[in-house]
Amino acid sequence: MVLTYKQGYLPQPFHIKHITTKFSSLPLRFSLKLQGQPKLRRVVKMSATEVTNSTISYESFAIKPPLHPTYDLKGIIKLALAEDAGDRGDITCLATIPFDMEAEAYFLAKEDGIVAGIALAEMIFNEVDPSLKVEWSKKDGDLVHKGIQFGKVYGRAHNIVVAERVVLNFMQRMSGIATLTKAMAKAASPAYILETRKTAPCLRLLDKWAVIIGGGRNHRMGLFDMVMIKDNHISTAGGVTNALKAVDLYLEKNSLQLEVETRTLEEVEEVLHYASQTKTSLTRIMLDNMVVPLPNGDVDISMLKEAVQLVNGRFETEASGNVTIDTVHQIGQSGVTYISSGSLTHSVKALDISLKIDTELALKVGRRTGRA
C-alpha cells in the first residue's frame with residue numbers, strides 16, 4: 001500500500017496513488033479447515049519496512065497501548081483522514097465555514113459506557129491542526145453517563161469539523177469494546193477475560209488497546225509473539241503429540257510462550273502425558289468448545305470442569321467457544337485461568353458519542369429521540 005499526499009488535510013487537496021485494501025462494516029463468520037496433507041506450501045512475505053512509528057511517545061497516556069513491532073499508528077490516523085478527505089478536502093467546510101473562524105465543540109455521551117480513545121483523539125486533532133486545544137473531564141477507562149459533556153476542543157472550526165468523524169469513528173468503536181470488556185471482565189471473575197485476533201483489519205492495536213482500557217487482558221498480538229498450536233496445526237502435524245514435539249524443538253533456539261488447543265478430554269490427557277514424559281515449553285492449554293449450549297439458552301460446563309480438574313493447576317487453562325455476556329459468569333466459575341472471547345472485537349456495538357458545537361440544540365434533539 002502506497003499513500004501519497006500533499007502536506008495538510010485542508011484546504012489543500014492531496015492525491016492517493018493507490019490503496020489496495022477494502023473494508024466492510026459487517027462482521028462475517030467463517031473458518032478455514034484443512035483436509036489431508038498439503039501438496040504445496042506457499043510462503044507469503046509481508047514487509048513493514050516502509051512504516052515507522054518512532055515519533056509517538058505514549059508516556060503521557062493514562063493507559064498505554066500494547067506493543068507491536070511494526071504497527072504504524074500515525075500512519076493509520078493519516079490513512080483514516082485521507083479516506084475521508086479524498087482528493088479535494090472537505091468541500092462543505094470550504095463552502096460554509098470561513099477558514100479562520102474559531103469555535104468550541106463538546107463531546108457528548110448519548111448512552112452510559114466506558115470511554116476509550118481519548119488519547120487517540122488528541123493525536124488525530126494534532127495531526128489535523130496542532131493549534132487545536134483539547135480538554136477532558138474524563139480519562140480513558142472512566143464511566144460516562146448518558147447526556148453528559150466529557151470533553152471539548154477549541155480552535156479553527158473548519159479543522160474541528162474535518163477531524164470530527166474520524167475521531168468519533170475511532171472513539172465510538174474503542175468505547176464499545178471497552179464497555180463490553182468491562183462488563184465481561186466483571187462477570188468472568190475470578191477468571192481473566194481475553195480478546196482474540198478476531199479484530200478489524202488494520203485496527204488490531206486499537207481494538208486490543210480498548211480491551212486493556214476496559215479492564216481486560218490481551219491475548220497474543222499476532223502470529224509472531226506466542227506459539228499457539230491450533231486445530232489446523234494439529235491436523236497437518238499428524239496429532240497433538242507430533243505438533244508439541246515439533247514446537248519444542250523449534251523453541252530450543254527461540255524463547256516464546258507456548259499454548260496448545262485441545263478439543264476433547266482425550267486430547268487434554270494426551271497433552272498431559274506428553275508433558276509428563278518430556279521437557280516442554282508449554283505454558284497454557286486451551287479448552288476449546290467444551291462449553292456446550294443447551295436448548296433453554298443455558299450452558300453445560302461439566303466437560304470444561306472435568307478438563308480443568310485433569311490439568312489440576314499444572315498449566316494455565318483457557319476456555320474458548322460459546323462465550324457471551326450471558327454465559328461468561330458460569331464459565332468463570334469452572335476454575336479456568338482465562339476466558340477468551342472473539343465477540344469483544346469482531347461484532348461489538350459502538351458506544352454512541354457525538355461532538356457538537358451547538359450543544360443546547362444537540363441535547364434538545366437528543367432528548368426528543370431518547371439519545372441524550
Side-chain angles (χ1 to χ4, degrees), residues 28-38 184 188 191-198 217 219-220 222-223 226-248 250-251 256-278 280-295 297-324 326-347:
L28 303 178
R29 298 178 65 87
F30 61 92
S31 62
L32 174 66
K33 301 297 178 186
L34 303 181
Q35 297 293 330
Q37 294 293 332
M184 291 188 73
Y192 299 107
I193 196 75
L194 307 170
E195 85 296 90
T196 68
R197 285 168 46 241
K198 296 174 183 178
R217 296 195 179 187
H219 211 304
R220 60 176 178 162
L223 300 173
M226 180 184 191
V227 179
M228 188 168 176
I229 303 172
K230 293 179 66 65
D231 52 359
N232 283 336
H233 304 111
I234 293 168
S235 297
T236 54
V240 173
T241 298
N242 286 346
L244 282 167
K245 285 179 179 178
V247 170
D248 277 328
Y250 174 83
L251 290 179
L256 291 166
Q257 287 189 316
L258 167 60
E259 178 174 9
V260 63
E261 176 184 300
T262 59
R263 298 156 290 182
T264 66
L265 295 177
E266 290 74 20
E267 283 188 334
V268 174
E269 290 174 336
E270 184 178 349
V271 169
L272 294 174
H273 176 73
Y274 170 82
S276 69
Q277 302 295 315
T278 310
T280 178
S281 297
L282 183 66
T283 55
R284 188 185 307 173
I285 300 175
M286 176 184 285
L287 310 172
D288 190 45
N289 286 312
M290 296 187 187
V291 175
V292 181
L294 299 174
D298 202 356
V299 288
D300 179 0
I301 64 167
S302 58
M303 182 180 179
L304 178 65
K305 291 176 72 173
E306 187 174 349
V308 171
Q309 290 167 1
L310 283 173
V311 177
N312 194 29
R314 283 173 281 183
F315 300 97
E316 295 176 342
T317 51
E318 175 187 334
S320 178
N322 297 306
V323 179
T324 69
D326 297 318
T327 64
V328 70
H329 176 72
Q330 193 173 348
I331 297 169
Q333 306 310 302
S334 66
V336 293
T337 318
Y338 300 102
I339 303 172
S340 57
S341 174
S343 66
L344 288 177
T345 55
H346 69 53
S347 53

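When a residue number appears, it is its place in the shown sequence, counting from 1.
- The shortest heavy-atom contact between Ser340 and Val323 is O-CG2, 3.7 Å.
- Under the side chain to side chain donor-acceptor pair (under 3.5 Å) criterion, Asp248 pairs with Tyr274, Thr280, sequence neighbours left out.
- Checked against side chain to side chain contact (heavy atoms under 4.5 Å, CB included), Glu306 has the following partners two or more places apart in sequence or in another chain: Leu265.
- Residues satisfying the side chain to side chain contact (heavy atoms under 4.5 Å, CB included) criterion with Leu251, sequence neighbours excluded, are Val227, Val247, Asn254, Leu256, Leu258, Ser281.
- Interatomic distance, CD of Glu316 versus CG of Leu282, reported as 9.5 Å (0.5 Å rounding).
- Note that OG of Ser320 is 6.5 Å distant from CG of Asn289, once rounded to the nearest 0.5 Å.
- Residues passing the salt bridge (charged side-chain N to carboxylate O under 4.0 Å, His left out) test with Glu270: none are found, sequence neighbours excluded.
- Expressed to the nearest 0.5 Å, how far CG of Asp288 lies from CG of Leu304 amounts to 11.0 Å.
- Side chain of Thr236 to backbone of His233: a donor-acceptor contact under 3.5 angstrom is found.
- Residues that satisfy the side chain to side chain donor-acceptor pair (under 3.5 Å) test with Thr196, not counting sequence neighbours, are absent from this structure.
- In this structure, Arg217 fails the cation-pi test against Tyr338, since its NZ or CZ atom is not both closer than 6.0 Å to the six-membered ring centre and inside 45 degrees of the ring normal.
- The distance from atom CE of Met290 to atom CE of Met303, rounded to the nearest 0.5 Å, is 4.5 Å.
- By the side chain to side chain donor-acceptor pair (under 3.5 Å) test, Thr345 pairs with no residue at all, sequence neighbours left out.
- Smallest separation of non-hydrogen atoms from Ile301 and Gln330: CD1-O, 3.4 Å.
- Annotation: side chain to side chain contact (heavy atoms under 4.5 Å, CB included) contacts of Gln257 (sequence neighbours excluded): Met226, Thr283.
- Under the rule for a side chain to side chain donor-acceptor pair (under 3.5 Å), the partners of Glu267 that lie at least two apart in sequence or sit in another chain are Arg263.
- Listed by chain and number, the residues in a salt bridge (charged side-chain N to carboxylate O under 4.0 Å, His left out) with Lys230 are Glu261 (sequence neighbours excluded).
- Judged by distance alone, with hydrogens and angles left aside, the side-chain atoms of Ser334 form no donor-acceptor pair with the main-chain N or O of Lys305 at under 3.5 Å.
- Qualifying side chain to side chain contact (heavy atoms under 4.5 Å, CB included) partners for Thr324, counting only residues two or more places apart in sequence or in other chains: Asp326, Thr327.
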